[in-house]
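Below is one structure, written out as structure tokens; comments come after it.
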Number of protein chains: 2
Amino acid sequence: MAPVSPRRRIPEATVARLPVYHRSLTELKESGVTTVSSEQLADLAGVNAAKVRKDLSYLGSYGTRGVGYEVEYLLFQIDRELGFANDLGVVIVGLGNLGQALANYDGFGDRGFPVTALVDADPAKVGSTLHGMQVQHIDDIESIFADGDLTIGIIATPAAAAQGVADRLVAAGVRSILNFAPTVVTVPDGVHLRKVDLALELQILGFYEQRDATEAVNAADSDS
Amino acid sequence: MAPVSPRRRIPEATVARLPVYHRSLTELKESGVTTVSSEQLADLAGVNAAKVRKDLSYLGSYGTRGVGYEVEYLLFQIDRELGFANDLGVVIVGLGNLGQALANYDGFGDRGFPVTALVDADPAKVGSTLHGMQVQHIDDIESIFADGDLTIGIIATPAAAAQGVADRLVAAGVRSILNFAPTVVTVPDGVHLRKVDLALELQILGFYEQRDATEAVNAADSDS
DNA sequence: AATCGATTGTGAACAAGAGAACTAGCTTGT
DNA sequence: ACAAGCTAGTTCTCTTGTTCACAATCGATT
Ligand SMILES: NC(=O)c1ccc[n+]([C@@H]2O[C@H](COP(=O)([O-])OP(=O)(O)OC[C@H]3O[C@@H](n4cnc5c(N)ncnc54)[C@H](O)[C@@H]3O)[C@@H](O)[C@H]2O)c1
Ligand SMILES: NC(=O)c1ccc[n+]([C@@H]2O[C@H](COP(=O)([O-])OP(=O)(O)OC[C@H]3O[C@@H](n4cnc5c(N)ncnc54)[C@H](O)[C@@H]3O)[C@@H](O)[C@H]2O)c1
């Protein structure tokens, strides 16, 4: 009951944008820019300048009025807030089409999320090597995680297996899961779950595309 | 200026959930269920029952009080609203690791989004066959789209090429784009853009994981 | 030192979304 | 025909997120 965290609570929407700023700032840093205004950063991140300022203000007052933000320092602060200091491992479960593409992708490691284990249930795949890493069996999943290890689990199995895999990940101590299977997965309180559903994205785009098309037709009708 | 569309405007958040209901309903239908209540559907979709009712009410009054919704009829209505009647083609640009996985995936076609073209810039890849489809060159992109064709473009190229590809897609008449490259892409008004950024998802998960961890430490401290 | 232009940080208005509570209406059993 | 029990549809309130507008503050310039 003690006021343990008098910390400012960073809104969810802001958390989702911080990585975008981080990426833009990294690019700026690499091209030698030392200072950036909220307006410029907003342009790069594809958002509104006021939003940038408000988002950054949750981290503290790291800008200089009349000047802008020092790129390197701001980057350091976002790093700190996002927990980039301590790398977080990633376990990929399900090494089919998608899982293999993910395993072969270097972009995660580059951004501080090294793939630490590959897991599948297919005996034909277990034991084989992918991107310099041996595929382990899902039944051995408990032994994969060292105590206290912070790890993100990626589910890239068929939808039917997703909930089961999630349960096993949670049982093994994983508290963050990224689900690619097109199905609803539920996890206990305290476990964070995010999903990436490509078919869903297409359906959403499809809706707007179709709506625009019918609107255009309606507009044409009213012309006649 | 005429009130062409006296249509109820479906909120964005609702549009994003309709495909989820759609999937749950499809499962119900396949297992022979004919009627479903908002409560049950909410469970399957992982949301709140009130939200389900409100979302569905934007489509019209298709439920029966005291009973629930007729699965098949509701499915038909969502289909109609999402524009499932007319299939929407998908063009994948960039056939590396990820693009190939997408091209080999049947889940899109199954859900009404047949892949209609594969495009790359690498001469070594152009002309080769993938999943029964020939890879075309990006310079020929204009000729790929028949007039009036509604198509969604998927960008799976390196980040550096993404904006250029988006521009070419737009120039060729594509009005909906799904971007996988980890970079901000801007498109003209009237073009819909959605993004899937895996590294970003990991970073968001990483933030919460780290926050929880430090909170736990803080709590332990206050115990001592 | 005083002024000026620029840019941050934030209070407040505004908009969108979520969820609870209520109302209306159907179906079934008597 | 009527009552009882469900469940859809709607209204209201609360929360979250976005945007605007402006005062505070900095560096530069005279
Ligand atoms: N391939 C894509 O481009 C793509 C696109 C969108 C969504 N998805 C989704 O991603 C998931 C994976 O797709 P995919 O094409 O790679 O499928 P896939 O069938 O090629 O691969 C699935 C893998 O999961 C393994 N697996 C099955 N059950 C398992 C279990 N219980 N534990 C561990 N591993 C298990 C299988 O052995 C196989 O290697 C699917 O849910 C699919 O809908 C894939
Ligand atoms: N592979 C993954 O699992 C993964 C995960 C997350 C994000 N991504 C992102 O997805 C994108 C693709 O990743 P990848 O691993 O497939 O990369 P890749 O390098 O394997 O493939 C890129 C492909 O794009 C083609 N290409 C390059 N420029 C082009 C252009 N102007 N027009 C058309 N085609 C062009 C290349 O010829 C190549 O075939 C990248 O932006 C990457 O960051 C990939």
Side-chain angles (χ1 to χ4, degrees), chain A residues 7-21 24-25 28 33-75 77-78 81 184 189 194 204 207-208, chain B residues 7-21 24-25 28 33-78 81 184 204 207-208 211:
Chain A
R7 277 256 157 280
R8 49 203 163 356
R9 201 66 160 198
I10 300 185
E12 242 177 279
T14 296
V15 172
R17 279 188 298 266
L18 286 180
V20 180
Y21 303 146
S24 302
L25 287 167
L28 286 174
V33 178
T34 60
T35 287
V36 66
S37 73
S38 60
E39 196 99 27
Q40 295 173 280
L41 187 52
D43 262 11
L44 292 171
V47 300
N48 178 297
K51 216 185 292 191
V52 169
R53 291 199 294 276
K54 178 149 283 192
D55 284 343
L56 295 182
S57 78
Y58 289 111
L59 308 185
S61 264
Y62 299 130
T64 309
R65 297 170 193 232
V67 178
Y69 301 86
E70 203 196 324
V71 171
E72 195 145 352
Y73 187 57
L74 186 54
L75 204 44
Q77 291 299 341
I78 295 182
E81 197 71 42
V184 174
D189 274 7
R194 294 186 68 89
I204 294 172
F207 168 83
Y208 289 113
Chain B
R7 277 256 160 281
R8 51 209 162 353
R9 202 65 158 196
I10 300 185
E12 242 177 279
T14 296
V15 172
R17 278 188 298 266
L18 285 179
V20 180
Y21 302 146
S24 301
L25 287 167
L28 285 173
V33 178
T34 60
T35 286
V36 66
S37 73
S38 60
E39 197 97 26
Q40 295 172 280
L41 187 52
D43 262 11
L44 291 171
V47 300
N48 177 297
K51 214 186 293 191
V52 170
R53 290 198 294 274
K54 197 186 284 189
D55 284 343
L56 295 181
S57 78
Y58 289 113
L59 308 185
S61 265
Y62 298 130
T64 310
R65 297 171 193 226
V67 179
Y69 302 88
E70 203 196 324
V71 172
E72 196 146 353
Y73 187 57
L74 186 54
L75 203 44
F76 169 75
Q77 291 298 342
I78 296 182
E81 197 71 43
V184 173
I204 295 172
F207 168 82
Y208 289 112
R211 194 193 56 181

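Quick note on labels: first sequence line is chain A, next is B, and so on, each numbered from 1. What you see below is based on every heavy atom in this structure, not just the backbone, and it leaves out hydrogens, waters and symmetry mates.
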- Round to the nearest Å and state the distance from B:Gln77 atom CD to D:dA8 atom P. 16 Å
- Item | Non-hydrogen side-chain atoms of B:Glu12 and A:Tyr208 separated by less than 4.5 Å | yes
- Message: Whole angstroms only, please: what is the CD-C1' distance between B:Glu39 and D:dG5?
- Response: 15 Å
- Between C:dT8, C:dA20, D:dA8, which nucleotide has the shortest distance from any of its atoms to the side chain of B:Tyr69? D:dA8
- Query: Do B:Leu59 and B:Leu18 come close enough that some side-chain heavy atom pair is under 4.5 Å?
  - Reply: yes
- Query: Between B:Leu56 (CG) and D:dT10 (P), how many Å, whole number?
  - Reply: 12 Å
- Message: Please report the distance, rounded to the nearest Å, between CG in A:Leu41 and P in C:dG9.
- Response: 12 Å
- Item | Whole angstrom value for the distance that separates P of D:dC14 from CG of B:Asn48 | 17 Å
- Mind listing the closest non-hydrogen atom pair of B:Tyr73 and B:Tyr62 along with its distance? CE2-CD2, 3.7 Å
- Message: Against B:Val184, only a single residue in A:Val20, A:Val47, A:Leu44 fulfils side-chain contact (heavy atoms from CB on, under 4.5 Å); can you say which?
- Response: A:Val20
- Task: First locate atom OG1 of B:Thr34, then atom CD of B:Glu70, and finally report the distance between them rounded to the nearest 0.5 Å.
- Result: 7.0 Å
- Can you find a side chain N or O atom of A:Ser38 that sits less than 4.0 Å from OP1 or OP2 on C:dT8? yes
Under-3.5 Å N/O pairs linking protein and nucleotides 21-25 of chain D:
| from | atom 1 | to | atom 2 | distance (Å) |
| --- | --- | --- | --- | --- |
| D:dA24 | N3 | A:Arg65 | NH1 | 2.8 |

- Message: Just verifying a value: how many Å separate A:Leu41 CG and A:Arg53 CZ, rounded to the nearest 0.5 Å?
- Response: 11.0 Å
Please write out the pairs of protein N or O atoms and N or O atoms of nucleotides 14-18 of chain C separated by less than 3.5 Å, giving the distance to one decimal.
| from | atom 1 | to | atom 2 | distance (Å) |
| --- | --- | --- | --- | --- |
| C:dA18 | OP1 | B:Arg17 | NH1 | 3.3 |
| C:dA18 | OP2 | B:Arg17 | NH1 | 3.2 |
| C:dA18 | OP2 | B:Arg17 | NH2 | 3.1 |

- Message: Measuring only between side-chain heavy atoms, which start at C-beta, is A:Leu25 closer than 4.5 Å to A:Tyr69?
- Response: no
- Specify the separation, in whole Å, of atom CD of B:Gln40 and atom P of D:dC6. 14 Å
- Message: Categorize A:Tyr62 for me: base, sugar-phosphate, or nothing, with a 4.0 angstrom heavy-atom threshold over every strand shown.
- Response: sugar-phosphate
- Message: Which heavy atom of B:Gln40 sits nearest to which heavy atom of B:Thr35, and what is that distance?
- Response: OE1-O, 4.4 Å
- Phosphate-side-chain proximity, A:Ser61 and C:dG9, N/O vs OP1/OP2 below 4.0 Å: yes
- Task: On DNA chain D, check which nucleotide each of A:Tyr58 and B:Gly68 is closest to and give me the residue with the more 5' one.
- Result: B:Gly68
- One should read off an interatomic distance between B:Ile78 CD1 and B:Arg17 CZ, to the nearest 0.5 angstrom, of 12.0 Å
- Choosing from C:dT7, C:dT27, C:dT10, which nucleotide comes nearest the side chain of B:Thr64? C:dT27
